[in-house]
Amino acid sequence: MLGIFDTRKSKIFVTFINNNSYCSFMDRFLKPLMHKEDRVVAYLSMEIGIDRNMPTYSGGLGILAGDTIKAFADLKVPAVAVSLLYDKGYFYQKINENGEQVEQPVEWNKDDFMKPLPELITIKIEGREVKVRAWEYVVTGAKGYTVPIFFLDTNIEQNSEIDRGITSHLYGGDTRYRLCQEIVLGIGGVRILEKLGFSNLNKYHMNEGHASLLAVELLKRFNKEDEVRKHCVFTTHTPVPAGHDRFEVELVKRVLPEFPFHIRNILDQEGKVNMTLLGLHFSRYINGVAKKHGEISRDMFPGYPIDSITNGVHSHTWTSDSFKKLFEKHIPGWSVDSFSLRYALGISKEEIWNAHADAKKKLIDYVNSHHNIGMDYHHFTIGFARRATAYKRPELLFHDIERLKRIAQHAGKIQIIYAGKAHPGDYQGKETIKKIVNLCKHLTSQGIKTVYLENYNMYVAQLMTAGVDIWLNTPMRPHEASGTSGMKACHNGVPSLSVLDGWWLEGHIENVTGWSIGPMPTKDENVDNNADAADMYEKLEKTIVPLYYNNRDRWVGVMRHAISNNASFFNTHRMVHQYVLNAYFH
Ligand SMILES: *Cc1c(COP(=O)(O)O)cnc(C)c1O
């Protein structure tokens with residue numbers, strides 16, 4: 001098993017990155033080795049957020065995929081990854097004067113980041129032969145090992161106009177469009193890897209049900225369901241039944257007639273083809289993304305052996321420059337070994353505070369330059385940013401505005417920074433944004449400076465999770481599968497104030513790593529906005545704001561524990577270790 005991790009010592013170079021380009025000897029010499037036959041893990045995801053300048057992701061799922069691949073590269077896990085190339089990205093979010101989200105296509109130049117490969121494969125979609133090519137993006141790990149990501153693209157001259165658009169938009173279009181994309185990802189993914197010469201792939205990891213059709217393609221190769229199962233790993237991310245991808249049988253028959261309808265377990269109770277059930281059926285290793293989410297998934301899909309591997313974030317990506325410098329000084333090698341962040345407990349409180357002040361200044365400067373609101377470096381700053389959707393309850397902080405005002409008057413000054421996109425089809429989410437943007441203006445007029453930043457993306461997320469004083473999270477329990485933004489925050493010594501759900505059930509120690517809101521989750525959904533809001537206000541007023549202003553020593557103690565207890569664990573190095581041991585080589 002360990003042999004799998006040996007990188008080749010020989011100096012035979014494979015020029016595979018671009019067959020067309022001339023590679024000088026030095027060029028090849030400097031390029032880290034990649035032997036296709038060594039690669040054993042294929043990781044497929046509908047979105048991958050790997051570079052903050054590439055709009056190939058929408059949010060948490062894609063960034064998790066990117067952070068996972070970065071950890072593969074750091075840890076020399078012999079993997080390759082596949083996703084789709086979105087010409088028009090997800091969308092660029094503007095917020096107009098009425099507080100409404102306006103979606104604009106993202107303009108970007110893919111050839112600045114990746115190279116097209118000459119190989120083409122063909123897939124039959126709706127009876128048409130659709131050509132697919134791959135663009136290669138190379139992720140280089142902390143020790144120089146590389147993991148390629150192949151972004152699949154149907155925007156090729158030989159294809160009809162309609163097929164050229166299949167890979168244009170992330171999460172755009174109707175269910176037919178989505179199904180076509182999933183065919184390109186799953187079926188196209190397996191075929192392109194074969195075409196590119198990855199002949200020893202042993203595990204195919206489906207990151208959520210969007211990639212499940214890969215099992216259909218593998219079934220053609222292996223013939224036996226059990227044989228496919230040995231090669232498949234499935235990760236589910238959604239604790240709500242409605243969140244799972246489903247397609248009408250009629251649609252699937254029309255678009256992908258070869259689909260194996262005879263397998264009964266993959267239709268749900270309404271007779272629809274359910275991509276989660278498909279992934280579950282064909283995978284020997286299945287996991288949820290936090291302990292609690294594993295439990296919920298086992299209840300939701302009885303009979304399947306569902307494990308859990310708690311999510312993480314890529315430490316080097318999500319640590320601000322000032323903390324990077326600090327860790328470099330006190331914990332040399334931390335970026336190739338995220339576990340070593342536990343030693344942050346030995347860093348002086350003064351240095352922690354100063355590193356935070358730097359990150360906070362960057363954020364406040366950004367806010368002030370975009371909003372002319374005059375936020376203060378020294379005021380207690382609350383951050384909230386995530387996809388604007390009902391279960392995240394972004395409006396909970398505004399549940400009782402008078403109460404919030406009293407806290408700001410008596411316990412200490414407060415300022416608030418919000419951000420988040422709503423899915424273009426989520427009417428309710430867009431309404432929520434509008435409501436919050438208007439509440440921001442109202443609160444600001446009442447003396448609590450509050451902004452809603454436009455176009456939440458990896459860049460804004462980096463600034464915010466590092467620069468605020470507390471990271472607020474208020475989902476309706478138990479709907480948060482894991483959540484990862486709080487993990488980004490803890491890498492920067494920013495404690496969470498959060499509902500006990502997802503990862504926070506594992507990361508929370510009251511007054512040590514942060515603070516909880518409301519009770520433990522029960523089996524059934526329990527939504528008591530009044531009780532949760534009251535608890536949140538109570539903690540802010542009696543504990544958190546006073547601690548921030550009056551007891552710097554203890555406050556920084558909490559910041560430091562957020563790093564040593566939580567960043568050292570909730571990172572993708574630890575997570576990938578678990579995937580390797582439990583899922584890939586098992
Ligand atoms: C981290 C991140 C998310 C996911 O955050 P959650 O806490 O899991 O909701 C979404 N969008 C962006 C841009 C992020 O950086």
Side-chain angles (χ1 to χ4, degrees), residues 45 47-68 70 89-93 106 170-171 207-208 235 237-240 243 288-290 292-293 310-315 317-320 363 383-394 396 417-423 426 429 432-433 452-468 470-492 494 496-499 501-508 514 566-567 570-572 575:
S45 181
E47 45 171 310
I48 296 181
I50 191 81
D51 180 320
R52 63 188 196 190
N53 300 304
M54 268 166 46
T56 52
Y57 66 95
S58 78
L61 182 77
I63 292 165
L64 176 81
D67 282 8
T68 301
K70 288 172 186 166
Y90 182 46
F91 66 88
Y92 187 93
Q93 180 200 47
V106 185
L170 173 57
Y171 303 137
N207 188 39
E208 190 55 290
T235 301
H237 294 263
T238 319
V240 202
V289 290
K292 180 76 188 171
H293 179 236
T310 303
N311 280 165
V313 298
H314 185 251
S315 302
T317 301
W318 295 104
T319 301
S320 64
L363 170 66
F384 184 105
R386 40 188 59 81
R387 182 157 51 91
T389 191
Y391 86 82
K392 303 259 193 188
R393 279 195 301 187
L396 196 74
I417 304 173
Y418 264 81
K421 292 175 177 176
H423 186 287
D426 183 358
T432 306
I433 290 182
Y452 200 102
L453 299 178
E454 278 179 333
N455 201 40
Y456 185 49
N457 58 14
M458 285 174 76
Y459 176 66
V460 178
Q462 269 167 336
L463 279 174
M464 281 185 73
T465 54
V468 299
I470 199 149
W471 194 248
L472 180 69
N473 189 26
T474 53
M476 297 174 187
R477 61 190 84 72
H479 286 219
E480 183 94 305
S482 162
T484 52
S485 57
M487 303 175 185
K488 299 167 190 168
C490 73
H491 274 78
N492 296 286
V494 173
S496 283
L497 167 59
S498 169
V499 162
D501 203 8
W503 83 281
W504 194 232
L505 282 162
E506 298 167 50
H508 160 258
N566 285 348
F570 296 99
N571 58 70
T572 46
M575 186 193 83

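The first residue of the sequence shown is numbered 1, and numbering continues consecutively from there. Every number for a ligand or one of its atoms is a count from 1 in the order of the listing. All values derive from a computational prediction rather than experimental measurement.
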> Which atoms of ligand 1 sit under 4.0 Å from any heavy atom of Ile63?
Replying inline: 2 (C), 12 (C), 13 (C), 14 (C), 15 (O)

>> Tell me the contacting part of Lys488 for ligand 1: side chain, backbone, both, or neither, using a 4.0 Å heavy-atom threshold, strictly below.
In response: side chain

> Which of the atoms of ligand 1 are close to Gly60, meaning less than 4.0 Å from one of its heavy atoms?
Replying inline: 3 (C), 4 (C), 10 (C)

> Within less than 4.0 angstrom of ligand 1, does Lys392 place any heavy atom?
Replying inline: yes

> Does Tyr452 use its side chain to pair, donor to acceptor, with the backbone of Gly420 at less than 3.5 Å?
Replying inline: yes

>> Can you confirm whether Asn473 sits close enough to Arg386 that some side-chain heavy atom of one is under 4.5 Å from a side-chain heavy atom of the other?
In response: yes

>> Measuring only between side-chain heavy atoms, which start at C-beta, is Asn457 closer than 4.5 Å to Tyr92?
In response: no

> Is the shortest heavy-atom distance from the side chain of Val313 to the side chain of His491 under 4.5 Å?
Replying inline: yes

> Heavy-atom contact under 4.0 Å between Tyr459 and ligand 1?
Replying inline: no

> Hey, which atoms in ligand 1 end up nearer than 4.0 Å to a heavy atom of Gly59?
Replying inline: 10 (C), 11 (N)

> Would you call Glu506 and Asn566 a side-chain contact if the rule is heavy atoms closer than 4.5 Å?
Replying inline: no

>> Working note: Glu480 + Lys392, criterion salt bridge (Lys or Arg N to Asp or Glu O under 4.0 Å); need CA distance, chi angles, decisive distance, verdict.
In response: CA-CA 8 Å; Glu480 183 94 305; Lys392 303 259 193 188; 3.0 Å; yes

>> Rounded to the nearest 0.5 Å, what separates atom CG in Asn311 from atom CD1 in Ile63?
In response: 12.0 Å

> Does the side chain of Asp501 come within less than 4.5 Å of Trp504's, by heavy atoms?
Replying inline: no

>> Can you name the atoms of ligand 1, numbered from 1 with element, that are less than 4.0 Å from a heavy atom of Asn457?
In response: 13 (C)

> Do any N/O atoms on Ser485 end up under 3.5 angstrom from N/O atoms on ligand 1?
Replying inline: yes

> Where is the nearest protein heavy atom to atom 8 (O) of ligand 1: which residue, which atom, and how far?
Replying inline: Thr484 N, 2.9 Å

> Which residue supplies the protein heavy atom nearest to atom 11 (N) of ligand 1, what is that atom called, and how far is it?
Replying inline: Tyr456 CE2, 3.4 Å

> Can you list the ligand 1 atoms lying under 4.0 Å from a non-hydrogen atom of Trp318?
Replying inline: 15 (O)

